[in-house]
Amino acid sequence: MKKKYSASIVLGVVALLFACARGFNGTDGNSQVSPGSSSQTGKQGLSGVLMWKGDTTGTGLYANETVLTTQNVNPQQFGKIQQKALDGMIIAQPLFVSQLNMGDKGVHDVVIVVTEHNSVYAFDAKDPEAPLLWERHYSVDGATPAADNFGGRTTIGGEIGITGTPAIDPATGAMYFVTMLQKDGKVDQWLRAIDIKTGNDFGPGSVKIQGSVQGDGRGSDGGTIHFDPTNHNQRAGLVITNGAVIICWGSFSDWGVYHGWVMAYGLADLQQKAVLNLSPQHQDQDYAFGPADFGGGASVWQAGAAPSVDASGNIYMVAADGSFNADKGGLNFGDTVVKVRFSGTGFEVTDWFGPSNHPCVDAADMEIGSGGLVLLPSGGLGVTINKEGRVYLLNLSNLGKVAPGDTQIPQQFMAGNQECYEGLGPDHAEGTDWQRLYGNPSYWNGNLYLAPSNTSLIQYSVQNNRINTTPAARTTVATGLRGGNTVVSANGTNNAIVWMYQKAASGQAILHAFDATNVSKELWNSNMTGGDEMGIGIGFGTPVVANGRVFTTFNKSLVIYGPR
């Protein structure tokens with residue numbers, strides 16, 4: 001929700017943030033595993049779920065699932081087979097590696113989980129009795145996770161450590177992620193690289209996140225804007241492309257001065273290759289009046305989605321509420337889908353799309369940046385959404401920039417029940433009467449699946465490069481305040497199942513399985529049978545399906561479901 005402040009409060013918060021930013025030496029986050037030597041493994045050819053939703057399209061499709069079917073996913077044959085309690089809240093999606101050769105530990109299907117306590121765990125995904133394969137802890141030597149109320153941050157669960165979903169390089173077995181650490185009153189963020197076979201450092205192992213760009217926007221110091229590690233939330237999943245890991249940052253619930261930062265680091269040496277700021281310019285006029293407006297905002301959080309990358313290497317990300325002047329040739333991209341080229345040494349925004357009702361959604365906190373961009377498998381099209389409940393179908397070769405009524409893009413329509421209107425104000429986006437959209441839609445075999453807030457999972461047909469706006473089917477299951485996050489498992493065009501994770505109105509996490517050919521048919525959910533239930537859910541939790549198992553999380557626990 002976009003907060004509004006008086007000038008004195010804004011100046012006080014900014015002063016506090018910058019004062020804290022000047023007094024901290026940080027830590028490199030030593031391990032509690034045996035140190036060993038840094039790994040420089042050769043070609044691995046790893047397979048599995050190595051990033052958010054499995055690949056760079058963002059479709060959430062696991063198309064090679066041969067074990068789970070619409071016949072055997074039912075309360076009698078399917079349920080909880082493992083549950084592991086960890087040391088912190090789990091917001092990032094788990095990752096899965098199939099048949100990983102771990103040397104003297106043998107070959108394992110491995111599930112890797114990171115926590116807000118800055119810990120990483122590797123478990124055997126098949127054997128409930130198997131010991132922990134390895135663990136890595138960064139909250140050591142006097143360093144702790146950052147406080148979740150520092151400078152007015154949104155409560156995450158008491159502490160902020162690893163939030164964005166890591167990415168694994170299939171060529172080397174290196175996993176990349178960001179930790180947030182506090183020591184002696186100063187907060188720093190670090191990029192980490194570890195070998196997934198051992199949990200030991202890969203290459204240099206760590207580098208402190210720093211960055212700056214030229215600009216006179218919010219927080220500028222003599223014409224330079226510096227990355228502030230205290231107030232930028234590394235929420236979006238990481239993605240690997242063109243020899244680098246791409247990392248994005250947003251805000252903590254629009255508190256303080258923030259920008260949409262994007263950085264690229266080399267995979268082998270962790271050297272910074274490029275920095276992009278999506279709101280570097282001062283604006284005399286803006287549509288909202290928070291501390292990051294008039295030359296700020298445009299966070300990249302995407303409800304946890306990673307940037308998408310097409311076959312040509314173009315990177316797509318969606319900036320949330322913030323200053324916008326790209327239509328006048330400026331460099332501010334609030335509420336905008338941006339197409340970015342990474343040359344290996346720099347970023348270039350090559351195209352963009354902005355909704356025509358940007359003034360309304362920005363002022364009402366209904367940003368387009370509440371989800372990422374899904375790259376559809378044909379037609380050169382992408383799909384994104386906003387908190388208003390609107391769906392946009394975009395032409396990837398010409399995103400269309402901005403035009404009245406959005407008539408320049410292939411299609412847009414409301415999946416939700418209410419539209420933004422002038423003077424609405426910022427609080428309605430949080431109401432139970434508004435069917436907002438978060439995260440990415442999922443796609444399978446000509447079907448698009450959306451789960452807006454406070455309603456139901458909706459199935460749309462995609463035909464002739466357009467979305468049929470009359471739902472093909474919808475569930476009777478009610479979604480919660482943050483809707484549902486979906487993925488699809490299938491064996492090609494057969495046995496397709498939509499898996500929806502929701503944090504119900506009660507706060508409980510519930511995993512649902514629906515027939516993907518007709519989502520009105522629910523096959524199973526985690527509340528159907530005693531012992532399968534989960535506890536307090538995670539906002540925008542994302543399940544993973546692999547090798548006959550479904551991996552998901554709640555609060556501080558990993559849960560694995562599968563055939564009984």
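For T553, the side chain to side chain donor-acceptor pair (under 3.5 Å) test picks out no residue, with sequence neighbours left out. With sequence neighbours excluded, no residue forms a ring pair (Phe, Tyr, Trp, His ring centres under 6.0 Å) with Y501. Among residues two or more places apart in sequence or in another chain, the salt bridge (charged side-chain N to carboxylate O under 4.0 Å, His left out) test is passed with D532 by R564. The salt bridge (charged side-chain N to carboxylate O under 4.0 Å, His left out) check on K126 picks up D109, with sequence neighbours excluded. With sequence neighbours excluded, the residues forming a ring pair (Phe, Tyr, Trp, His ring centres under 6.0 Å) with W301 are F540, listed by chain and number. Not a single side chain to side chain donor-acceptor pair (under 3.5 Å) links N491 to another residue, sequence neighbours left out. Taking Y392 as the reference, F353 meet the ring pair (Phe, Tyr, Trp, His ring centres under 6.0 Å) condition, with sequence neighbours excluded. Not a single side chain to side chain donor-acceptor pair (under 3.5 Å) links E65 to another residue, sequence neighbours left out. Legend: residues meeting side chain to side chain donor-acceptor pair (under 3.5 Å) with E388, ordered by chain and number and at least two apart, are N357, N386, R390.
Counting only N and O atoms by type, the side chains of T70 and D515 include no donor and acceptor under 3.5 Å apart. In summary, the side chains of E533 and N527 do not present any donor paired with an acceptor at a separation below 3.5 Å, with no hydrogens or angles considered. Between the side chains of T163 and R235, no donor-acceptor pair is found at a separation under 3.5 Å. No donor-acceptor contact under 3.5 angstrom links the side chains of Q411 and N465, judged on distance only. A side-chain N or O of N518 and one of S520 form a donor-acceptor pair less than 3.5 Å apart.
Between L50 and L95, the shortest heavy-atom distance links the atoms C-CD2, 3.9 Å. Nearest approach of S442 to K53, heavy atoms of both residues: OG-NZ, 3.6 Å.
Under a 3.5 Å cut-off, the side chain of D335 and the backbone N or O of I368 do form a donor-acceptor pair. For Q302 (side chain) and V318 (main-chain N/O), a donor-acceptor pair under 3.5 Å exists by modelled atom type. At distances below 3.5 Å, not a single donor-acceptor pair connects side-chain atoms of H117 with backbone N or O atoms of V114. Judged purely by atom type and a 3.5 angstrom limit, T475 uses its side chain to pair as donor or acceptor with the backbone of L457. A donor-acceptor contact shorter than 3.5 Å is absent between the side chain of T179 and the backbone of I162.
The environment of CG in N64 is sparse: at most 12 heavy-atom neighbours from other residues, nucleotides or ligands sit within 6.0 Å.
The structure places CZ of R436 at 5.5 Å from CG of N454, a figure rounded to the nearest 0.5 Å. Residue R474 holds its CZ atom at 10.0 Å from CG of L450, rounded to the nearest 0.5 Å. Note: I194 CD1 to I112 CD1 = 7.0 Å, rounded to the nearest 0.5 Å. Here the CG-OG1 distance, from L133 to T198, works out to 11.5 Å after rounding to the nearest 0.5 Å.
Here side chain to side chain donor-acceptor pair (under 3.5 Å) pairs that include residues 85-96, with residues two or more places apart or in two chains, are D87-T115, D87-S119, D87-Y121. Counting only residues at least two apart or in different chains, ring pair (Phe, Tyr, Trp, His ring centres under 6.0 Å) contacts with residues 440-489 comprise F413-Y460. Applying the ring pair (Phe, Tyr, Trp, His ring centres under 6.0 Å) test to residues at least two apart or on different chains, the pairs with a partner in residues 57-99 are F78-W499, F78-W524, F96-F551.
Between D201 and R136 there is a salt bridge, since a side-chain N of the basic residue sits under 4.0 Å from a carboxylate O of the acidic one.
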